[in-house]
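Structure first, then comments.
Just so we're clear, the structure is a prediction, and the values are computed from it rather than from any experiment. Just so you know, residue 1 is the first one in the sequence shown, and it goes up from there.
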Amino acid sequence: MDPRIPRLRHKLDTIPLQPLRSRSFGEEHHMFRPGPKLPGGRVTAIEAERGIVLPDAFRQFVMHVSGSGAAPFYGLFPLERCRLLVMEPIGEPGTPCGFEQADRPPGQGDLFLHIIEMGCADVCVLALTGPLTGRVLTGNSDGHWGPDVSPATDFLDWYESWLDIMSAGRTDRTLELTAPGSATVPGAQGEDR
């Protein structure tokens with residue numbers, strides 16, 4: 001088991017109890033409750049059914065921390081409900097790319113797993129193939145903004161960053177965290193990204 005796992009579990013257990021923590025957009029949906037962990041055999045079966053290989057950090061997370069629930073935005077989808085996506089072809093320079101459904105793993109192009117519900121057409125995805133494998137990206141499936149690649153090296157680092165920033169009571173627009181006493185909520189209706 002990855003040595004970060006016990007630390008993540010502890011942080012996740014203590015976050016809801018911290019009075020000066022940031023508020024996480026969508027937290028009322030998951031209430032910081034982790035969903036059931038997935039046995040390794042089930043994860044392997046889902047990978048075989050979908051024709052994918054999960055990056056190790058994400059695999060470790062769903063097996064040892066949570067198979068759904070507590071996560072940024074509206075929470076982590078159960079692995080069975082995660083959609084496979086591909087990034088649309090790059091258009092004009094400086095134009096954001098969207099994501100579209102992949103019926104099966106494509107022979108060309110990088111494959112992404114839609115892991116977290118953000119709302120509307122916004123997506124939080126995990127790169128399964130290509131140079132960004134294992135990294136978390138956020139974007140808009142229609143290409144209205146992003147995609148933005150997280151600086152975290154893998155899912156566990158990204159998730160821990162969410163917990164740490166929230167625990168410190170800071171605002172973070174990319175994770176839609178709002179510091180206590182802030183007048184605006186990141187991502188609120190009418191606010192630009």
Side-chain angles (χ1 to χ4, degrees), residues 1-13 15 24 26-27 29-88 97-119 121-139 141 146-164 175:
M1 178 171 45
D2 190 293
R4 297 173 286 181
I5 296 292
R7 188 172 67 229
L8 286 175
R9 283 186 194 148
H10 174 74
K11 289 178 181 185
L12 184 56
D13 287 344
I15 284 290
S24 182
E27 70 182 56
H29 290 274
H30 55 74
M31 306 288 287
F32 298 102
R33 289 189 301 258
K37 300 172 204 163
L38 297 178
R42 181 67 186 130
V43 174
T44 300
I46 292 170
E47 288 175 318
E49 289 166 14
R50 310 283 299 277
I52 60 172
V53 175
L54 295 176
D56 187 58
F58 186 69
R59 181 181 239 278
Q60 293 276 328
F61 185 86
V62 299
M63 289 173 46
H64 301 293
V65 179
S66 174
S68 63
F73 314 108
Y74 291 114
L76 186 66
F77 285 124
L79 190 54
E80 297 86 352
R81 288 189 42 221
C82 293
R83 296 180 304 143
L84 292 173
L85 303 175
V86 292
M87 193 178 296
E88 294 172 343
C97 296
F99 292 89
E100 56 190 39
Q101 183 88 20
D103 294 326
R104 62 185 195 294
Q108 296 180 344
D110 298 336
L111 189 63
F112 299 88
L113 190 64
H114 184 190
I115 57 171
I116 292 180
E117 175 62 41
M118 290 180 67
D122 295 345
V123 295
C124 180
V125 299
L126 178 69
L128 298 179
T129 62
L132 296 175
T133 297
R135 303 280 295 275
V136 175
L137 294 80
T138 55
S141 59
D148 295 322
V149 180
S150 167
T153 58
D154 64 20
F155 181 83
L156 292 175
D157 282 346
W158 180 80
Y159 193 88
E160 188 165 24
S161 176
W162 172 64
L163 294 172
D164 289 346
L175 292 171

**Asked** Between Leu85, Val53, Asp110, Leu84, which is the residue that forms a side-chain contact (heavy atoms from CB on, under 4.5 Å) with Leu128?
**Response** Leu84
Kindly compute the distance separating [atom1] ([X]) from [atom2] ([Y]), expressed to the nearest 0.5 Å.
X: Leu126; Y: Phe61; atom1: CG; atom2: CZ; value: 11.5 Å
X: Asp164; Y: Leu175; atom1: CG; atom2: CG; value: 11.0 Å
X: Trp162; Y: Leu12; atom1: CH2; atom2: CG; value: 6.5 Å
X: Ser24; Y: His30; atom1: OG; atom2: NE2; value: 5.0 Å
X: Asp122; Y: His114; atom1: CG; atom2: NE2; value: 9.0 Å

**Message:** For a side chain to side chain contact (heavy atoms under 4.5 Å, CB included) check, start with the C-alpha distance between Val86 and Glu100, then their side-chain angles and the critical distance, and finish with the verdict.
**Reply:** CA-CA 6 Å; Val86 292; Glu100 56 190 39; 3.6 Å; yes
**Residues in side chain to side chain contact (heavy atoms under 4.5 Å, CB included) contact with Arg9, at least two apart in sequence or another chain** = Met1, Ile5, Lys37, His64, Val65
**Asked** Can Ile116 and Val136 be said to form a side chain to side chain contact (heavy atoms under 4.5 Å, CB included), step by step?
**Response** CA-CA 10 Å; Ile116 292 180; Val136 175; over 6 Å; no
**Prompt:** Between Asp154 and Asp56, does a side chain to side chain contact (heavy atoms under 4.5 Å, CB included) hold up when you go through it step by step?
**Reply:** CA-CA 9 Å; Asp154 64 20; Asp56 187 58; over 6 Å; no
**Request:** Considering only NZ, NE, NH1 and NH2 on the basic side and carboxylate oxygens on the acidic side, decide whether Arg42 and Glu80 come within less than 4.0 Å.
**Result:**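 Salt bridge flag = yes for Glu80 with Arg42.
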**Request:** Output yes when Glu160 and Arg4 qualify as a salt bridge under the 4.0 Å nitrogen-oxygen rule, no when they do not.
**Result:** no
Is there a donor-acceptor pair under 3.5 Å between the side chain of [X] and the backbone N or O of [Y]?
X: Arg135; Y: Ser150; answer: yes
X: His29; Y: Gly75; answer: no
X: Glu47; Y: Leu54; answer: yes

**Request:** Quick one: list whatever passes ring pair (Phe, Tyr, Trp, His ring centres under 6.0 Å) with Phe58, sequence neighbours left out.
**Result:** Phe155
**Item:** His10 atom NE2, over 12 foreign heavy atoms within 6.0 Å
**Value:**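 Open.
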**side chain to side chain contact (heavy atoms under 4.5 Å, CB included) assessment of Thr44 paired with Arg59** = CA-CA 9 Å; Thr44 300; Arg59 181 181 239 278; 3.0 Å; yes
